[in-house]
Visitor: 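Pasting in a structure now, in structure tokens, and then I'll have a few things to ask.
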There are 2 protein chains.
Amino acid sequence: MQHSPSVETRPFRELCADHGLTATHQRQVLYEVMQTMPGHPSPEEVYVRVKKRIPAISLATVYKNIHLFVERGVLKEVSMHHGSLRVELNNHPHHHMVCSHCKAITDIREKDLGVLPTLQRLPGGFQVERYAIDVIGICAACQKAERS
Amino acid sequence: MQHSPSVETRPFRELCADHGLTATHQRQVLYEVMQTMPGHPSPEEVYVRVKKRIPAISLATVYKNIHLFVERGVLKEVSMHHGSLRVELNNHPHHHMVCSHCKAITDIREKDLGVLPTLQRLPGGFQVERYAIDVIGICAACQKAERS
DNA sequence: GTAATTGCAAAGGCTTTGCTTGCAA
DNA sequence: TTGCAAGCAAAGCCTTTGCAATTAC
């Protein structure tokens, strides 16, 4: 298939250029489909929708591109995903720092966060149990590793 | 094996009674082991430690009891685990409400959280990218389901 | 005695990997 | 043309489930 870039593909090609990504048809459709999914879709859900436009696409391609988009800042992970369930017994009021590279979790005392959010106007009868704050960034060890 | 409860088992038996749990040997060791693990262990890591004291224990038992402890409030999940990766494209400043029953995620505008945390005194050279607040509780639908 | 729990093994979901063919620059 | 990407299928975690044997109350 060969054709000159249409007007509609311009912005996507620029987005790819800005993020150092090769502009493929699959990536474009993936991105466009995600724009129509305002929630927090799983790779499987995205796959189902993309498949309507590219029946031959594989789930592995969806995973690969989602990871790439997240890595390049086009998408965000809704919460850091640690590969397996993590539990804790710590009862003191605290939150977490999560390294976006190595996924290491470190406790942070609540008072070190400064002012706390005061929950107000919560939509539709949601009954609050607690809130959890993740400070996301790069830990010292990963910063050191990056520099090398 | 039959013996009268020792002095040391008292607190654990009370803890079980308080949370409506049967006091089994496996549960007690699991709980004691977790008290010596201050971080955020995975079920596998807990299993390895418990196995030193109860070689015959199975990983399935560890999983079952961890879930039970979480359900009864003895342990906490470090972050809500959605079963699969979730991503989003939403660029507006926002955070999330997560239902601890059905794991549904709903966006919440940052301004509806009221005052925001001001990050200060972050331990050991952690380079902050962003922070993510999860308001954890029961959504309206699950509240309704519970009542019935 | 009755109900709940354990251990085992098998099954199930989600995600990644290796490799060949095809496409982008 | 040269390397990056896609598709496919197989493998790899992590976690749950079903069931018989055992234990707690």
Side-chain angles (χ1 to χ4, degrees), chain A residues 1-6 9 12-31 40-48 50-51 53-72 77-87 103, chain B residues 1-6 9 12-31 40-48 50-51 53-72 77-87 103:
Chain A
M1 207 193 309
Q2 193 186 179
H3 55 73
S4 54
S6 69
T9 61
F12 177 73
R13 300 186 70 81
E14 281 169 14
L15 179 136
C16 284
D18 290 351
H19 291 87
L21 294 168
T22 308
T24 70
H25 182 220
Q26 286 83 348
R27 268 173 207 167
Q28 177 166 7
V29 173
L30 181 46
Y31 181 74
H40 315 91
S42 65
E44 184 75 35
E45 286 163 352
V46 175
Y47 170 65
V48 168
V50 172
K51 215 174 160 91
R53 288 179 54 187
I54 312 178
I57 201 169
S58 77
L59 184 53
T61 297
V62 172
Y63 270 98
K64 285 170 189 164
N65 284 317
I66 283 178
H67 286 314
L68 212 49
F69 281 159
V70 168
E71 203 174 280
R72 300 299 221 276
E77 283 183 79
V78 168
S79 68
M80 290 293 112
H81 132 275
H82 310 110
S84 70
L85 177 65
R86 296 305 175 94
V87 286
K103 313 289 186 189
Chain B
M1 205 194 310
Q2 193 186 177
H3 55 71
S4 54
S6 71
T9 61
F12 178 72
R13 300 187 71 81
E14 279 169 16
L15 180 137
C16 284
D18 288 353
H19 291 87
L21 293 168
T22 307
T24 71
H25 182 218
Q26 285 84 346
R27 266 173 209 165
Q28 177 166 7
V29 172
L30 180 45
Y31 181 74
H40 315 91
S42 66
E44 185 75 34
E45 287 163 351
V46 175
Y47 170 64
V48 168
V50 171
K51 215 174 160 91
R53 288 180 52 188
I54 312 179
I57 201 168
S58 78
L59 184 54
T61 297
V62 172
Y63 270 98
K64 285 170 190 164
N65 284 318
I66 284 178
H67 286 314
L68 213 48
F69 280 158
V70 168
E71 203 175 282
R72 300 300 222 275
E77 282 184 79
V78 168
S79 69
M80 291 291 113
H81 174 259
H82 310 111
S84 72
L85 177 66
R86 296 307 175 93
V87 286
K103 313 290 187 188

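Residue numbers start from 1 in every chain, and the chains themselves are labelled A, B, ... in the order their sequence lines are given, proteins ahead of strands.
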Visitor: Before you tell me yes or no, could you show the steps for A:His67 and B:Leu85 under side chain to side chain contact (heavy atoms under 4.5 Å, CB included), namely the whole-Å CA-CA distance, both residues' side-chain angles and the distance that decides it to 0.1 Å?
Guide: CA-CA 10 Å; A:His67 286 314; B:Leu85 177 66; 3.9 Å; yes
Visitor: May I ask you to verify if any side-chain N or O of A:His25 is less than 4.0 angstrom from the OP1 or OP2 atom of C:dA24?
Guide: no
Visitor: Out of D:dA9, C:dT15, D:dT15, which has the shortest distance to the side chain of A:Ala60?
Guide: D:dA9
Visitor: Check whether any side-chain nitrogen or oxygen of B:Thr22 sits under 4.0 Å from OP1 or OP2 of C:dT5, and answer yes or no.
Guide: yes
Visitor: Looking at every strand, decide which applies to A:His82 at a 4.0 Å heavy-atom threshold: base, sugar-phosphate, or nothing.
Guide: nothing
Visitor: Name the residue closer to the 5' end of DNA chain C, choosing between A:Glu44 and B:Leu68 according to the nucleotide with the nearest heavy atom.
Guide: B:Leu68
Visitor: In whole Å, what is the span from the CZ atom of A:Arg86 to the P atom of D:dT15?
Guide: 9 Å
Visitor: Would you say B:Arg72's side chain and B:Gly20's backbone share a donor-acceptor pair under 3.5 angstrom?
Guide: yes
Visitor: Distance check needed: C:dT6 P versus B:Tyr47 OH, whole Å only.
Guide: 14 Å
Visitor: Ignoring hydrogens, what is the shortest heavy-atom contact between A:Gln26 and A:Ile57? Give both atom names and the distance.
Guide: CG-CD1, 3.8 Å
Visitor: Let's see if you can work this out: which of C:dG18, C:dA25, C:dC14 has an atom nearest to the side-chain heavy atoms of A:Lys64?
Guide: C:dG18
Visitor: Can you check the A:Ile66 CD1 to D:dA5 P distance for me, whole Å?
Guide: 16 Å
Visitor: Can you tell me how far C1' of C:dC23 sits from CD1 of A:Ile57, to the nearest Å?
Guide: 14 Å
Visitor: Side chain of A:Leu85: nearest nucleotide among D:dT15, C:dG7, D:dA6?
Guide: D:dT15
Visitor: Return no unless some side-chain N or O of B:Gln26 is found under 4.0 Å from OP1 or OP2 of C:dG7.
Guide: yes
Visitor: Could you check A:Ala23 against B:Pro55 and say which one's nearest nucleotide on DNA chain C is further toward the 5' end?
Guide: B:Pro55
Visitor: Can you check the A:Glu14 CD to C:dA25 C1' distance for me, whole Å?
Guide: 17 Å
Visitor: Nearest heavy-atom pair of B:Leu15 and B:Tyr31: which atoms, and what distance?
Guide: CD1-OH, 3.4 Å
Visitor: Side chain of B:Tyr63, heavy atoms from C-beta onward: which of D:dT16, C:dG18, C:dG7 has the nearest atom to it?
Guide: D:dT16
Visitor: Among the candidates C:dT16, C:dG7, D:dT15, find the nucleotide nearest to the side-chain atoms of B:His67.
Guide: D:dT15
Visitor: Once you round it to whole Å, what is the distance between P of C:dG13 and NZ of B:Lys103?
Guide: 18 Å
Visitor: Please pick, from D:dA6, C:dA25, C:dT16, the nucleotide with the shortest atom-to-atom distance to any side-chain atom of A:Thr24.
Guide: D:dA6
Visitor: Using whole Å, what does the distance between atom P of nucleotide C:dT15 and atom CD of A:Glu45 come to?
Guide: 11 Å
Visitor: Closest to the B:Thr61 side chain: D:dA5, C:dT6, C:dC14?
Guide: C:dT6
Visitor: Any idea which of C:dG7, C:dT6, D:dG7 is nearest the A:Ile54 side chain?
Guide: D:dG7
Visitor: Give A:His81 one of three labels, base, sugar-phosphate or nothing, depending on what nucleic acid heavy atoms sit under 4.0 Å from its own.
Guide: nothing
Visitor: Nearest 0.5 angstrom please: A:Arg53 CZ to A:His25 NE2, how far?
Guide: 6.5 Å
Visitor: Atom CG of A:Leu59 to atom P of D:dG7: distance rounded to whole Å?
Guide: 11 Å
Visitor: Nearest-nucleotide wise, let me know which of A:Gly83 and A:Asn65 is further upstream toward the 5' end of DNA chain D.
Guide: A:Asn65
Visitor: Would one find a side-chain N or O of A:Arg13 under 4.0 angstrom from OP1 or OP2 of C:dA25?
Guide: yes
Visitor: Please answer whether the main-chain N or O of B:Val78 pairs with a side-chain N or O of A:Arg86 as donor and acceptor at a distance below 3.5 Å.
Guide: no
